[in-house]
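Working notes for the structure below.
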Amino acid sequence: MTNDRGRLAGRVALITGASRGIGAAVAKRYAAEGAHVILTARTVAGLEEVDDAIRAASNGQAQATLVPLDLQQGEEIDKLNAAIGGRFGKLDVLVGNAGLLGEMTFMAQIEPERWQDLIDVNLTANWRLIRALQPLLLESDAGRAMFLTTGVAGGRAYWGGYAVTKTALEAMVRTWAEEMSETALKINLINPGAVRTSMRADAYPGEDPETLPTPDEITDVFVELAETNCLRHSEIVNAR
Ligand code: NJP
């Protein structure tokens with residue numbers, strides 16, 4: 001059943017990186033809370049799997065809108081404005097979750113193309129989402145935006161372009177939050193901590209994943225920051 005009494009009933013939410021990991025878990029939780037979710041990533045099969053889970057959990061009453069998208073194609077991000085605006089007239093929640101880990105290596109050994117990938121996905125794509133979707137978030141009575149950061153923002157040896165781009169993301173989100181402080185739009189960063197996903201396994205191949213919380217176990221903070229009565233703004237919020 002569509003949950004018209006859920007904490008996000010009637011809200012329209014866009015989640016990037018929704019084909020697996022944290023983004024997929026947030027998508028399913030938001031749908032369970034009554035939101036209509038718009039899901040982006042490159043892997044169509046992953047998006048469809050999430051949509052299947054949403055349909056199954058709601059006995060076919062709820063379904064996601066799937067937008068396969070490579071965040072390195074800026075013009076495709078721009079098209080979201082017309083697509084979402086034309087169908088919904090507003091956007092209530094933006095979750096900038098998609099991210100790339102890149103190589104764990106010395107700064108001096110990062111390949112130029114891999115460096116550019118990190119800048120593109122972790123930083124520029126989120127700026128382009130802000131640029132394309134701010135007007136629709138301001139059409140909402142209580143627009144909410146949140147972006148995923150990390151404990152290594154600020155710089156950490158061998159975390160290279162990942163640490164650097166997440167540091168820049170934090171600065172960008174805080175800059176935008178300050179600009180929006182007189183509006184109804186509330187903007188925050190989320191530090192999820194260590195979570196059992198493929199990115200975490202790539203960063204810590206020797207770690208036992210069973211020791212980590214699953215993505216489903218950290219979704220509470222995403223719901224809290226999306227709610228209309230949550231007025232937190234320009235914070236870095238820990239998921240646990
Ligand atoms: O990552 P992962 P997590 N265009 O690798 C998508 C942060 N974080 O869930 O395109 C479009 O399982 C990719 O989709 P696909 C982290 O920095 C995590 O662990 O189909 N989408 C997939 O859906 C990140 O910002 C931990 O490959 C693109 C998603 O991004 C967020 O949490 C700790 C794309 C990545 O899924 C989610 O991470 C921490 C592109 N070009 C911060 N490139 C942790 N897990 O422990 C990638 O401190 N995606």
Side-chain angles (χ1 to χ4, degrees), residues 14-29 37-51 53 64 66-80 94-104 113-114 116-129 145-156 159-170 172-173 188-205 207-219 221-222 225 236-240:
L14 171 68
I15 301 155
T16 69
S19 60
R20 62 172 186 264
I22 294 170
V26 172
K28 288 182 266 185
R29 177 71 191 278
V37 290
I38 305 163
L39 309 181
T40 76
R42 291 164 303 179
T43 310
V44 176
L47 294 174
E48 288 176 345
E49 208 173 295
V50 175
D51 186 34
L66 306 185
V67 186
L69 186 74
D70 183 347
L71 289 168
Q72 290 186 268
Q73 309 286 323
E75 307 78 30
E76 297 301 310
I77 297 175
D78 295 348
K79 289 179 189 166
L80 289 171
L94 167 63
V95 182
N97 163 79
L100 209 55
L101 177 66
E103 297 169 272
M104 304 283 295
E113 282 180 19
R114 302 289 78 79
Q116 191 59 50
D117 290 343
L118 288 161
I119 303 274
D120 288 350
V121 176
N122 293 348
L123 181 61
T124 306
N126 285 307
W127 161 71
R128 200 103 180 201
L129 285 162
M146 60 204 85
F147 298 85
L148 274 284
T149 187
T150 167
V152 302
R156 180 83 56 88
W159 287 79
Y162 180 78
V164 171
T165 52
K166 291 290 187 177
T167 308
L169 174 74
E170 288 189 0
M172 179 177 72
V173 170
N188 292 287
L189 291 141
I190 295 175
N191 179 359
V195 186
R196 196 189 308 169
T197 69
S198 59
M199 181 186 288
R200 177 74 190 186
D202 287 344
Y204 293 90
E207 185 177 61
D208 178 2
E210 296 300 319
T211 61
L212 302 175
T214 65
D216 292 329
E217 289 172 322
I218 63 141
T219 56
V221 70
F222 291 83
L225 293 178
I236 298 178
V237 183
N238 291 322
R240 284 174 289 128

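Read the numbers this way: they start at 1 and go in the same order the structure lists the ligands and their atoms. Because the structure is a prediction, the values reported are computed rather than measured.
- No side-chain donor-acceptor contact under 3.5 Å links Asn97 to the backbone of Ile22.
- Under 3.5 Å, the side chains of Arg20 and Thr197 contain no donor-acceptor pair of N or O atoms.
- The shortest distance between side-chain heavy atoms of Asp70 and Glu76 does not fall below 4.5 Å.
- In this structure, atom 49 (N) of ligand 1 lies nearest to the protein heavy atom Ala98 CB, 4.0 Å.
- Any N or O atom pair closer than 3.5 Å counts here, and Leu100 shares no such pair with ligand 1.
- Between atom CG of residue Leu69 and atom CG of residue Leu71 there is a gap of 5.0 Å, rounded to the nearest 0.5 Å.
- Phe222 pairs with exactly one of Val95, Val237, Ile15 by the side chain to side chain contact (heavy atoms under 4.5 Å, CB included) rule, that one being Val95.
- Thr43 OG1, 2.5 Å is the protein heavy atom nearest to atom 20 (O) of ligand 1.
- Taking every non-hydrogen atom of Leu148 and a distance limit under 4.0 Å, the qualifying atoms of ligand 1 come out as 25 (O), 31 (C), 32 (O).
- In this structure, Val173 and Asn188 have side chains that are not in contact, with every pair of non-hydrogen atoms separated by 4.5 Å or more.
- No side-chain heavy atom of Arg29 sits less than 4.5 Å from a side-chain heavy atom of Asp216.
- At least one side-chain heavy atom of Lys28 sits less than 4.5 Å from a side-chain heavy atom of Val50.
- Between Leu123 and Met172 the shortest side-chain heavy-atom distance falls below 4.5 Å.
- Under a 4.0 Å heavy-atom criterion, Thr149 is in contact with ligand 1.
- The Gly193 neighbourhood of ligand 1 comprises atoms 26 (C), 33 (C), 39 (C), 44 (C), 46 (O), with distances under 4.0 Å to a heavy atom of that residue.
- From the protein, the heavy atom lying nearest to atom 46 (O) of ligand 1 is Val195 N, 2.9 Å.
- Between the side chain of Glu217 and the backbone N or O of Thr214 there is at least one donor-acceptor pair closer than 3.5 Å.
- Atoms of ligand 1 lying under 4.0 Å from any heavy atom of Val121, numbered from 1 in the order shown and given with element: 41 (N), 43 (N).
- Separation of atoms CG (Leu101) and CZ (Arg114) is listed at 13.0 Å; rounding is to 0.5 Å.
- For the pair Met199/Tyr162, a side-chain contact is recorded, criterion being any heavy-atom separation below 4.5 Å from C-beta on.
- Shown in contact with Ala194 at under 4.0 Å from a heavy atom are these atoms of ligand 1, numbered in order with element: 46 (O).
- Residue Asn191 has at least one heavy-atom neighbour below 4.0 Å for each of these atoms of ligand 1: 48 (O).
- Ligand 1 is approached by Ala18 to a heavy-atom distance shorter than 4.0 Å.
- Ranking the protein heavy atoms by distance from atom 1 (O) of ligand 1 puts Met199 CB, 3.6 Å first.
- When hydrogens are left out, the protein atom nearest atom 8 (N) of ligand 1 is Pro192 CG, 3.5 Å; that is the closest non-hydrogen contact.
- Compare Thr150, Asp120, Leu101 by their heavy atoms: the one nearest to atom 48 (O) of ligand 1 is in Thr150.
- The ligand atoms of ligand 1 that sit less than 4.0 angstrom from a heavy atom of Leu69 are 4 (N), 11 (C).
- Ligand 1 has a nitrogen or oxygen under 3.5 angstrom from a nitrogen or oxygen of Leu71.
- Taking any N or O of Gly21, backbone or side chain, none lies under 3.5 Å from an N or O belonging to ligand 1.
- Taking OG1 from Thr165 and CG from Leu100, the interatomic distance works out to 8.5 Å, rounded to the nearest 0.5 Å.
- Close approach to Ser19 involves these atoms of ligand 1, each under 4.0 Å from a residue heavy atom: 13 (C), 14 (O), 15 (P), 20 (O), 22 (C), 23 (O).
- Considering backbone and side-chain N/O atoms, Lys166 comes within less than 3.5 Å of an N/O atom of ligand 1.
- Not close to ligand 1: Ala203, with no non-hydrogen atom less than 4.0 angstrom away.
- Scanning all protein heavy atoms for the shortest distance to atom 27 (O) of ligand 1 gives Arg42 NH2, 2.9 Å.
- At the top of the distance list for atom 45 (N) of ligand 1, counting protein heavy atoms only, stands Thr197 OG1, 3.0 Å.
- Within the 4.0 Å heavy-atom shell around ligand 1 one finds Tyr162.
- Between the Thr16 side chain and the Thr40 main chain, no donor and acceptor come within less than 3.5 Å of each other.
- Given atom 31 (C) of ligand 1, the protein heavy atom at minimum distance is Asn97 O, 3.1 Å.
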